[in-house]
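These notes are about the structure you will find just below.
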Amino acid sequence: MELASLTVSDLQSRLRAGEVSPVEALESLDKRISQIDSGIQGYLSRDLDAALALAKTADVSLPLGGVPIAIKDVINVRGEPCTCASKILRGYRAPYDATVIRKLKAAGAIPFGRTNMDEFAMGSSTENSSFMPTSNPWDKTRVPGGSSGGSAAVVAADEAFAALGSDTGGSIRQPAALCGCVGLKPTYGRVSRFGLVAFASSLDQIGPFGKTVRDTALLLNAICGQDPMDSTSLAEEVPDFTARLGENLKGIRLGMPKEYFIGGIDPQVDKAVRAAIKQYESLGAEIVDVSLPHTEYAVGVYYIIATAEASANLARFDGVRYGHRAENVTGLLDHYRRTREEGFGQEVKRRIILGTYVLSSGYYDAYYLRAQKVRTLIRRDFTQAFEKVDAIICPTSPEPAWKIGDRSDDPLRMYLADIFTIATNLAGNAGISIPCGFSEMDGKRLPVGLQLLGKPLDETNLLKIAHAYEQSTDWHKARPLQ
Amino acid sequence: MARMSSDFDVRYTAELARLNLSGEEISRFQSQLSQVLEYVEKLRQVDVTGVEPTAHTYPAFNVFRPDESREWFDAKQALANAPRQANDLFIVTKVVE
């Protein structure tokens with residue numbers, strides 16, 4: 001149990017000192033999961049035998065040698081399920097490793113466990129999982145955020161040393177904020193999407209969850225790089241993202257966008273974030289007012305572009321080559337319609353409908369094309385702001401975790417939860433959420449996340465800036481009571 | 001010519017998407033998605049004159065690979081998740097009468 005509460009860095013020290021073996025670490029983790037996951041339901045499945053096989057031959061001198069990593073159930077790991085929390089992929093076993101998995105294995109890491117998520121990554125609470133909701137480890141009546149809620153919850157509850165998730169509109173950063181861990185979305189194109197089940201191809205990125213900024217940087221080192229199997233991956237060199245951790249913040253300018261500090265933010269979130277900004281000032285950073293004038297259009301642009309791309313990406317779930325297939329069909333169209341009717345959940349159907357509509361003849365120009373143009377303006381807002389500052393600082397989520405079931409009937413309200421994370425996906429930039437305090441609801445502490453948005457390809461600096469704050473506080477050491 | 005969200009027909013769109021919806025889903029989605037479409041109407045306020053659309057944020061152009069065959073799935077691997085198969089082939093619903 002005690003082993004499971006280690007960070008990746010500390011686990012590595014022990015592994016390399018020979019104090020503990022990869023098999024012991026894995027078994028200790030599995031024991032921890034067996035003890036507490038029934039109350040959190042962060043994992044959809046896990047294959048201890050497959051992981052043990054890797055643990056037995058793990059080379060701890062490798063960058064992540066012997067370290068188990070939990071994987072969001074949307075990334076293909078050969079031989080394992082990849083349900084995307086959907087009935088339409090029940091029974092599917094991945095015939096290949098995603099590039100990030102190939103890279104993790106090459107770095108000595110051990111993919112272990114499939115974490116719960118909103119179905120096909122569509123959601124902000126993990127309630128859209130077809131199988132079960134995941135609980136926030138800090139208050140089990142509340143959501144962990146989404147769509148990578150399982151990954152965030154297991155890291156926060158010491159049921160994983162670290163995890164991978166995916167972020168299309170905030171799906172790493174927002175659950176990291178709600179669960180009190182670190183979550184990073186890389187610059188679009190940094191990490192290969194080959195083997196990631198696609199939701200919105202121009203927005204999706206795989207990224208790391210960690211207990212600390214350093215752990216997150218270690219994972220990022222392992223998974224970045226151009227991939228011939230993903231033509232959208234960038235040819236940019238991969239630096240050592242840990243290289244500037246520990247540097248001071250002299251000369252760093254942080255921008256507070258006025259559009260992100262509006263009415264409607266929970267007062268306790270606002271208080272914690274502003275206190276963090278003051279802390280940054282005391283660490284030597286200069287705080288600058290900036291403006292991102294097209295912020296109010298970001299959610300609208302996103303729900304046109306993301307749903308449009310999703311409607312195309314989910315067309316492949318047709319019951320022909322894999323996954324669920326409807327029985328006793330009357331013909332080809334019936335086969336398609338009923339397979340998809342039976343296989344997809346409500347939110348997925350809703351988004352497919354919306355996406356199909358905005359792409360359909362007569363509506364494409366008014367919706368999709370216009371949204372792409374506004375997207376250009378949103379990107380420009382960031383480019384202009386980054387001429388004045390090194391990073392943008394703001395809340396991750398306008399409120400702390402809400403009660404499970406609270407928003408199930410109000411999709412639009414759910415969409416607005418992503419208001420501070422979404423524009424970064426549209427612009428293609430990197431963003432990180434780090435813990436910055438707690439709010440209190442019903443006598444329970446709920447984490448608050450601080451978000452830092454970086455210039456494209458500037459993750460090294462972003463991580464440095466995040467690390468400096470983290471190390472000057474104790475938030476990252478807090479753990480939910482079990 | 002810009003269309004109004006009142007033109008939004010869930011039933012027709014579902015046909016395009018090859019998706020069966022129940023009567024209840026149709027009417028619920030009609031109302032929920034109409035709200036979303038109302039919300040996105042605000043994009044009309046934006047002056048997009050002369051603005052190029054962004055399809056990808058860091059576009060790479062002409063990303064090619066050599067036109068050579070590579071090692072990939074064999075038939076057995078490709079059929080591993082097939083709902084129905086025979087003779088190294090996927091069995092599918094009859095398409096041609």
Side-chain angles (χ1 to χ4, degrees), chain A residues 91-93 95 187-189 202 228 231-232 234-235 294 296-297 299-301 303-304 311 318-325 329 331-333 335-338 340-341 344 346 349-350 352-354 356-357 360 362-363 366-367 369-377 379 411-412 415 427-428 456, chain B residues 1-3 7-10 12-22 25-26 28-30 32-33 35-60 63-65 72-73 77-84 90 92-95 97:
Chain A
Y92 170 86
R93 294 251 156 195
T187 306
Y188 182 85
S202 79
S231 60
T232 63
L234 301 173
H294 295 88
E296 66 176 295
Y297 304 111
V299 172
V301 168
Y303 278 98
I304 292 172
S311 73
D318 58 11
V320 175
R321 292 146 299 153
Y322 44 73
H324 174 71
R325 177 186 283 198
V329 296
L332 182 64
L333 286 182
H335 159 98
Y336 288 143
R337 289 181 188 136
R338 283 193 34 226
R340 291 157 67 79
E341 169 190 23
F344 288 140
Q346 292 293 291
K349 285 175 178 164
R350 226 183 332 256
I352 289 174
I353 296 294
L354 185 56
T356 305
Y357 176 69
S360 62
Y363 299 99
Y367 289 110
L369 192 57
R370 174 166 276 271
Q372 287 194 315
K373 291 179 179 179
V374 180
R375 183 178 182 179
T376 301
L377 297 175
R379 243 187 101 206
L412 183 56
Y415 298 165
Chain B
M1 163 82 122
R3 306 285 181 115
D7 277 359
F8 176 51
D9 180 347
V10 172
Y12 175 65
T13 309
E15 273 191 41
L16 293 176
R18 299 293 186 244
L19 190 56
N20 267 1
L21 296 177
S22 70
E25 281 171 332
I26 289 173
R28 183 158 38 88
F29 289 179
Q30 190 77 47
Q32 287 171 333
L33 292 176
Q35 274 182 42
V36 178
L37 287 170
E38 275 300 312
Y39 177 79
V40 306
E41 285 294 308
K42 63 158 80 184
L43 295 189
R44 281 186 213 292
Q45 299 161 12
V46 186
D47 181 4
V48 292
T49 328
V51 179
E52 284 296 299
T54 294
H56 274 264
T57 48
Y58 290 98
V63 181
F64 295 129
R65 69 173 175 89
W72 199 232
F73 296 140
Q77 287 170 313
L79 288 162
N81 291 300
R84 284 181 68 197
F90 291 97
V92 299
T93 305
K94 196 166 176 187
V95 178
E97 289 304 320

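So you know, we letter chains A, B, ... as the sequences are listed, proteins then strands, and number each from 1. What you see is a predicted model, and the numbers here were worked out from it, not measured in a lab.
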What part of [X] gets closer than 4.5 Å to chain B, counting heavy atoms only: side chain, backbone, both or neither?
X        : result
A:His324 : neither
A:Arg379 : side chain
A:Pro411 : side chain
A:Leu332 : both
A:Leu333 : side chain
A:Val329 : side chain
A:Arg325 : side chain
A:Thr376 : both

* Of all heavy-atom pairs between A:Gly91 and B:Asn81, which one has the smallest distance, and what is that distance? ->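 A:Gly91 and B:Asn81 have their closest heavy atoms at O-OD1, 3.9 Å.
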Under a 4.5 Å cutoff for heavy-atom pairs, which residue among [options] has the most contacts with chain B?
options                               : value
A:Lys373, A:Arg93, A:His335           : A:Lys373
A:Ser311, A:Pro95, A:Ala371, A:Gly323 : A:Pro95
A:Leu369, A:Ile304, A:Asp318          : A:Ile304

message: Would you say that A:Arg340 contacts A:Lys349 through its side chain, given a criterion of any heavy-atom pair below 4.5 Å between the two side chains?
response: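 No - every pair of side-chain heavy atoms lies 4.5 Å or more apart.
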Treating [X] as the side-chain partner and [Y] as the backbone partner, does any N or O pair qualify as donor plus acceptor under 3.5 Å?
X        : Y       : result
A:Glu341 : B:Leu19 : no
B:Ser22  : B:Glu25 : yes
B:Glu41  : B:Glu38 : no

Quick one: what part of [X] sits under 4.5 Å from any heavy atom of chain A, side chain, backbone, both or neither?
X       : value
B:Ala55 : both
B:Val92 : both
B:Arg65 : neither
B:Glu52 : backbone

Please identify, among B:Val63, B:Asp47, B:Val95, B:Leu33, the residue contributing the most non-hydrogen atom pairs under 4.5 Å to chain A.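 The residue among B:Val63, B:Asp47, B:Val95, B:Leu33 with the greatest pair count is B:Leu33.
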Go through it in stages, so that I can follow the logic: the residues are B:His56 and A:Thr232, the test is side chain to side chain contact (heavy atoms under 4.5 Å, CB included), and I'd like the CA-CA distance, side-chain angles, deciding distance and then a yes or no. CA-CA 8 Å; B:His56 274 264; A:Thr232 63; 3.6 Å; yes
